[in-house]
Amino acid sequence: MKRIKIADVLSGSLVGDPIVVKGWVRAFRANRFIQLNDGSTIKNIQAVVDFENFDEHTLKRVTIGSAIAITGKLVESQGSGQALEIQVERIDIIGEAHPDDIQKTVMQPKRHSLEFLREQAHLRFRTNTFGAVFRIRHAVSYAIHKFFNDRGFYYLHTPIITGSDAEGAGEMFRVSTLDPKNPPLTDDGNVDYSQDFFGKQVNLTVSGQLEAELGALALGQVYTFGPTFRAENSNTSRHLAEFWMIEPEVAFNDLTDNMDLTEDFLRYIADYVLTNCEDDLAFLNEREQKEQQSKPKNERSELSLIERLEFVRDNAFKRITYTEAIDYLLRSRPYKKNQFKFDVQWGIDLQSEHERYLVEREFQSPVIITDYPASIKAFYMRQNDDGKTVAAMDVLFPGIGEIVGGSQREERLDVLKAKCADFDIPEEELWWYLDTRRFGTVPHAGFGLGFERMVMFATGMTNIRDVIPFPRTPQNAEF
RNA sequence: GCUUCUUUAGCUCAGUUGGUUAGAGCAUCUGACUGUUAAUCAGAGGGUCCCUGGUUCGAGCCCAGGAAGGAGCGCCA
């Protein structure tokens, strides 16, 4: 008989049928009730053993964490905790798990701290929490592809190894096949990268944006969705050295079009998760509520996980300019009471405390801040007519901070070349990028979304290391 | 990179002014019970008190250095 996934057993109408399910034992209570999970859903199926008439040796091997196949009849449950259960006719042990060993792992049947679970990232998939997180991570990933595909975007694969270091997005990891102990040297004593694999110095990508622009200026609308690397020594709950980024780029879009696209996109993902991940969301929602109860009242978030997703789905984001944001901050209570650690004045880069004030206190909703001072933004952002600001936008989410950063790109060749000079970027390095401004240049815009930050928002997890299977952070590349 | 907190049983933690044999809950094992839902009841086993050095008659506790982890900040997505 072919195995049926537990998700299909629970959603189907197979009562009375003989079935086979396979999975891992989560609990075996009273020598009678086996809770089996196969990853297809957060729910377990209960299998009821008539142990008085069953081979004792086999039952002894049904331990927590072991993999078994159950053959039996699906019936309506006599107990109150579940609608359906399996009357066991036969148990086959597929893979044993010894309790003494299991006890040392995260499969030990009790609540664990997220830190302990992180130390056993290879086994944490077996827990309810991480099962839910990674099913939702998949759903978000699929929703992103579906959103763009349904709107006629093309998925563009930009390179992971790149020779361009002009993005200015951060420190990069060098890629080389040279002997680190004895590299070839040039006459002046530097490493001679002309003898390296690519004949030049190359790095892991920090952004696919510049290449995505090249695609957009022919295909019209494209997006990238791939791994991204930053060698920054960032030790926070919001940064990874290896993360996934989504970067759409659209020809003929201006900043307002860009904001509209961003809002549609974020709302779509929120809606997709709400309608397709009900069980996992309900579990994470309850988990968060329990955790909130142990916190002091002033630290609790006002909305639950599900309410936050509904809020994003149902409400327009607040849109303000950088200049307005500064005005709000200057009129704010914490500013007047001298509670900000960093000073507020036009021209500063907004600090976390400022962004948090605007999102969590002033507006209590996602906020899009636009038109930042040119001096604190990247060279490719389009200069506004005032000469001081650029057509940039940052989307700020409560609890997460900057989730999206984007801009209208500078399409005017002369302005862009002047910007390169201002930022000390040699034109020779970006000849291919500048070429697009020579041949039928058009206004265009795009944004970058940190995938893991979106998954944090969708799951309510507060540490980014808990939404990627195997996190890469400074001093940690285990598994 | 900076600030700060933490490190004691498999896990989460308590451990008094420096004093004899380091505790609890959960988990595990054994037994009892058997329609359980974090099952229940009884019993048992389980310790490099993060590491190195120092002070002291005596250190889980005090001092110095180091390591690992968390939170916050900076950089950013």
Side-chain angles (χ1 to χ4, degrees), chain A residues 26-35 43-52 60 63-65 75 77-82 85 87 97-120 127-128 167-171 206-209 227-247 290 294 299 340-342 349-356 376-378 394-397 400-406 447-457 462-468 473-476 478:
Chain A
R26 284 291 179 80
F28 188 11
R29 273 189 293 271
N31 209 23
R32 190 186 291 282
F33 305 100
I34 301 171
Q35 301 295 330
K43 290 179 181 162
N44 301 327
I45 187 105
Q46 172 159 289
V48 184
V49 188
D50 189 12
F51 67 88
E52 294 89 343
K60 276 260 184 270
T63 56
I64 288 166
V75 297
S77 177
Q78 296 172 33
S80 56
Q82 57 284 313
E85 65 190 20
Q87 275 299 339
H98 294 106
D100 287 349
D101 301 329
I102 286 289
Q103 203 212 162
K104 292 175 181 156
T105 74
V106 298
M107 286 179 281
Q108 169 184 129
K110 71 186 289 291
R111 267 186 79 88
H112 299 293
S113 66
L114 292 170
E115 290 80 13
F116 182 57
L117 289 158
R118 222 170 279 150
E119 288 170 16
Q120 298 186 25
T127 65
N128 282 332
E167 288 95 336
E171 289 294 312
V206 292
S207 164
Q209 182 204 309
T228 311
F229 307 87
R230 303 274 167 92
E232 305 283 352
N233 189 13
S234 296
N235 295 290
T236 80
S237 53
R238 305 184 308 282
H239 291 87
L240 291 166
E242 176 184 289
F243 63 101
W244 289 65
M245 190 152 64
I246 297 100
E247 294 173 294
K290 277 185 201 153
S294 65
E299 283 178 29
F340 286 133
K341 230 174 104 189
F342 294 87
D349 207 350
L350 297 179
Q351 303 293 321
S352 297
E353 59 178 359
H354 304 143
E355 294 179 348
R356 251 208 323 268
I376 58 170
K377 287 291 178 183
D394 281 359
V395 181
L396 309 177
F397 265 26
I400 291 177
E402 185 181 342
I403 191 162
V404 164
F447 62 83
L449 169 82
F451 178 59
E452 280 76 17
R453 291 195 181 168
M454 190 65 215
V455 179
M456 285 171 83
F457 186 75
T462 53
N463 191 314
I464 201 165
R465 292 164 198 146
D466 296 329
V467 298
I468 189 167
T473 52
Q475 300 299 315
N476 186 6
E478 193 63 58

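Each chain gets a letter, A, B and so on, in the order the sequences are listed, and its residues count up from 1.
- Spacing between B:C49 and B:U6 at atom C1', rounded to whole Å, works out to 14 Å.
- Between A:R356 and B:C73 there is a side-chain N or O to OP1 or OP2 distance below 4.0 Å.
- Straight-line distance between the C1' atoms of B:G45 and B:U28: roughly 9 Å, to the nearest whole Å.
- With respect to A:E85, the side-chain contact (heavy atoms from CB on, under 4.5 Å) criterion is satisfied by exactly one of A:I34, A:V48, A:I45: A:V48.
- Residue A:R238 is classed as a base contact, given a heavy-atom separation below 4.0 Å to a base.
- Between B:G74 and A:S352, a contact under 4.0 Å exists linking OP1 or OP2 to a side-chain N or O.
- Looking at heavy-atom distances under 4.0 Å, A:S113 makes contact with sugar-phosphate atoms alone, never a base.
- Taking a pair as Watson-Crick or G-U with both hydrogen-bonding distances under 3.5 Å, the stems of three or more pairs touching RNA chain B are B:1-7 with B:67-73, B:10-13 with B:23-26, B:28-32 with B:40-44, B:50-54 with B:62-66.
- Using a 4.0 Å heavy-atom cutoff across all strands shown, A:I403 reaches sugar-phosphate atoms only and no base atom.
- When the C1' atom is used for both B:A67 and B:C51, the distance is 7 Å, rounded to whole Å.
- Across the P atoms, B:U8 and B:G70 are found 15 Å apart, a figure rounded to whole Å.
- Side-chain contact annotation: A:R26 with A:N128, donor-acceptor N/O pair under 3.5 Å present.
- In this structure, A:S234 does not reach the B:C75 phosphate: none of its side-chain N or O atoms is under 4.0 Å from OP1 or OP2.
- A:H239 contributes a side-chain N or O that forms a donor-acceptor pair with the base of B:C76 under 3.5 Å.
- Using atom P as the reference point in both B:G35 and B:A39, the two lie 16 Å apart (nearest Å).
- Between A:D394 and A:K377, at least one side-chain nitrogen of the basic residue sits less than 4.0 Å from a carboxylate oxygen of the acidic one, meeting the salt-bridge criterion.
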**Fill in**
Heavy-atom contacts, protein to nucleotides 27-38 of chain B, under 4.0 Å, summarised as B (base), S (sugar-phosphate only) or - (none) per nt, yield BSS----BBBB-
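- Using a distance-only test at 3.5 Å, with no hydrogens or angles considered, no donor-acceptor pair links the side chain of A:H239 to the main chain of A:N233.
- Nucleotide B:A9 holds its P atom 15 Å from the NE2 atom of A:H112, rounded to whole Å.
- Comparing B:A42 with B:A59, their P atoms are spaced 39 Å from each other, to the whole Å.
- Only the P atoms considered, B:G19 is 29 Å distant from B:G66, to the nearest whole Å.
- A salt bridge links A:E52 with A:R32: the distance from a Lys NZ or Arg NE/NH1/NH2 to an Asp or Glu carboxylate oxygen falls below 4.0 Å.
- One P atom belongs to B:C75, the other to B:U17, and the distance between them is 44 Å to the nearest Å.
- Between A:F451 and A:N463, the one whose closest nucleotide on RNA chain B sits nearer the 5' end is A:N463.
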